[in-house]
Q: 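Before I ask anything, let me first share the structure, which is written out below as structure tokens.
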Amino acid sequence: MTDWKEAARATGLRAFPIIIQQDNGKWNKVPLVKEWEKVATTDVERFDWSRANGYGLLMGGGAYALDLDSYKPGCKAELWLEQNRIPETRTHQTISGGRHLIFRLPDRWADLRTRANVVPGLDTRGLGGFIAFGDGYELLDDRPAALLPLDVCIKLNRGGRDSIGGRELPKWTPPDAEATREKLEKAKAGNTRILACFVAPDLRDEDRKDTSRSADDMSLAALLTLQGFDVHEVVWVLLHAYPHGAASRLRDPRMRIRSAMRCAVRAKANRDQRREVMLAAMNEETPVDRNSESLRTEMMRRLGQ
């Protein structure tokens with residue numbers, strides 16, 4: 001039986017205990033400590049490892065990982081590695097069949113940010129993220145972590161800066177704090193799901209698989225958007241009024257705003273898409289009668305129009 005505490009210590013990186021378990025075909029890597037992003041340490045003795053079947057390695061602070069899902073159709077990660085002359089480094093095979101390539105970062109880029117979908121099949125884990133290792137994983141290359149080339153750091157930073165889905169994020173304009181807080185209190189009083197996000201954040205929907213703090217931010221952003229909050233108000237709530245999410249816990253002020261803005265923009269985009277689908281379906285009706293007009297009014301009410 002693997003001693004995961006000693007295995008974590010041997011990496012020399014900031015670590016914490018996790019449990020790796022499967023749920024409906026999906027592998028979940030669940031931290032066994034609260035606020036893992038703050039308490040992860042090389043002094044792993046301080047944690048209780050009795051339930052752990054693996055460990056998480058905190059990225060940022062000079063650590064970075066490339067996450068390759070080479071088993072997925074259309075993956076272009078291998079080509080990207082070749083084109084960018086990525087050096088060989090410590091490599092783990094993941095429980096899903098992918099790979100984690102772990103690197104050291106140049107001092108100037110010690111807190112390089114996480115990127116999603118650099119190319120199909122390639123994500124990264126940087127500041128604010130972690131990678132897992134444990135039962136079902138395999139050490140493919142045990143050499144020390146290599147230094148990620150400077151030109152690659154620059155490329156990853158440029159591509160991930162304040163953008164989502166290839167679009168630039170809007171600049172945050174802080175709304176009137178008092179008015180936004182009053183609007184939030186009215187929303188909590190009139191919507192039990194919004195209220196539950198604040199008073200009972202651990203009581204989540206049974207069918208929800210992602211129970212991370214960032215997913216909590218996204219869920220609240222979606223609910224607020226449906227209640228008519230604009231993106232700037234949603235960002236304010238996530239940063240200043242919601243203590244259970246990820247955005248408010250980040251140390252870098254710019255990263256905090258960026259994380260909250262990404263949630264707000266995604267929530268608005270999802271709402272707009274749903275609205276377009278509903279309107280397209282209603283516009284196909286012929287002729288318009290009282291019932292269809294009533295349906296239209298109800299749909300607009302639910303969409304916050």
Side-chain angles (χ1 to χ4, degrees), residues 8 11-18 20 26-31 33 35-42 54-72 75-78 80-81 84 86-87 89-106 109-134 136-141 144-149 152-161 163-164 210-215 217-218 246-247 249-252 255-256 258-259 262:
T11 67
L13 298 173
R14 293 173 294 171
F16 52 91
I18 65 172
I20 303 167
K26 179 181 178 180
W27 289 101
N28 295 323
K29 283 75 72 172
V30 183
V33 294
E35 299 187 334
W36 53 266
E37 63 272 40
K38 293 183 179 180
V39 302
T41 177
T42 56
Y55 54 82
L57 294 176
L58 182 66
M59 297 292 101
Y64 200 71
L66 302 182
D67 181 5
L68 283 68
D69 292 333
S70 49
Y71 56 90
K72 292 184 177 180
C75 176
K76 297 183 179 179
E78 299 292 348
W80 187 91
L81 296 182
N84 289 277
I86 301 300
T89 189
R90 183 180 181 91
T91 304
H92 301 166
Q93 180 170 299
T94 71
I95 196 169
S96 301
R99 285 181 292 154
H100 287 155
L101 279 59
I102 304 173
F103 292 91
R104 294 180 294 111
L105 291 172
W109 300 98
D111 286 330
L112 190 62
R113 296 185 288 271
T114 292
R115 285 281 311 277
N117 200 34
V118 177
V119 294
L122 176 62
D123 298 330
T124 74
R125 295 290 182 270
L127 180 65
F130 78 91
I131 61 169
F133 190 87
Y137 287 72
E138 181 181 353
L139 180 60
L140 299 179
D141 192 328
L147 189 68
L148 193 65
V152 177
C153 294
I154 294 172
K155 179 180 293 187
L156 290 172
N157 182 64
R158 182 185 304 121
R161 181 173 54 207
S163 62
I164 180 172
D210 189 346
T211 58
S212 64
R213 293 188 187 278
S214 57
D217 278 346
M218 190 66 232
R249 294 168 178 266
L250 295 174
R251 297 179 181 178
D252 185 329
M255 284 295 296
R256 294 174 72 242
R258 179 176 179 270
S259 176
R262 287 174 66 89

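Everything numeric in this text was worked out from a predicted model, so none of it was measured.
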Q: Do you know which two heavy atoms are closest between Thr89 and Ala146, and how far apart they sit?
A: OG1-N, 2.8 Å
Q: Looking only at atom types and distance, does a side-chain atom of Asp141 sit under 3.5 Å from a main-chain N or O of Arg90, one as donor and one as acceptor?
A: no
Q: With a 4.5 Å cut-off on side-chain heavy atoms, are Thr94 and Tyr137 touching?
A: yes
Q: Taking all non-hydrogen atoms of both residues, which atom of Met255 and which atom of Leu250 are closest, and how far apart?
A: O-CD1, 3.7 Å
Q: Rounded to the nearest 0.5 Å, how far apart are SG of Cys75 and CG of Leu122?
A: 7.5 Å
Q: State the CG-CG distance between Asp111 and Asn157, to the nearest 0.5 angstrom.
A: 11.5 Å
Q: Do the non-hydrogen side-chain atoms of Leu105 and Cys153 ever get within less than 4.5 Å of each other?
A: yes
Q: Can you tell me how far apart CG (Leu139) and NE2 (His100) are? Round to the nearest 0.5 Å.
A: 13.5 Å
Q: Under a 3.5 Å distance rule, please check whether Asn84 uses its side chain to pair with a backbone N or O of Trp80 as donor and acceptor.
A: yes
Q: Please round to the nearest 0.5 Å and tell me the distance separating atom CG of Leu112 and atom CG of Leu127.
A: 9.0 Å
Q: If we ignore hydrogens and angles and just use 3.5 Å, is the side chain of Arg14 paired with the main-chain N or O of Gly60 as donor and acceptor?
A: yes
Q: Between Asp67 and Ile131, is there a side-chain heavy-atom distance shorter than 4.5 Å?
A: no
Q: Could you tell me which non-hydrogen atom of Phe16 sits nearest to which non-hydrogen atom of Leu58, and how far apart they are?
A: CE2-N, 4.4 Å
Q: For a quick test of reading the model, state the closest non-hydrogen atom pair linking Ala246 to Asp217 and the distance between them.
A: N-OD2, 3.0 Å
Q: Just by distance, do the side chain of Tyr64 and the backbone of Arg113 share a donor-acceptor pair under 3.5 Å?
A: yes
Q: Quick one: list whatever passes side-chain contact (heavy atoms from CB on, under 4.5 Å) with Ala8, sequence neighbours left out.
A: Ala15, Val44, Trp49, Tyr55
Q: Which atoms form the tightest heavy-atom contact between Trp36 and Pro31, and what is the distance?
A: CD1-CG, 3.5 Å
Q: Once rounded to the nearest 0.5 Å, what's the spacing between atom CD1 of Ile102 and atom CZ of Phe133?
A: 8.5 Å
Q: Using the test salt bridge (Lys or Arg N to Asp or Glu O under 4.0 Å), find all partners of Lys72 that sit at least two apart in sequence or belong to another chain.
A: Asp69
Q: Taking all non-hydrogen atoms of both residues into account, name the closest pair between Trp27 and Ser96 and its distance.
A: CD1-OG, 4.1 Å
Q: With a 4.5 Å limit on heavy-atom distance, are the side chains of Leu156 and Leu148 in contact?
A: yes
Q: What is the distance from atom NE2 of His92 to atom CZ of Arg99, rounded to the nearest 0.5 Å?
A: 12.5 Å
Q: Looking at Thr124 and Arg115, would you say the former's side chain and the latter's main chain have a donor-acceptor pair under 3.5 Å?
A: yes
Q: Going by heavy atoms in the side chains, are Leu101 and Leu81 under 4.5 Å from each other?
A: yes
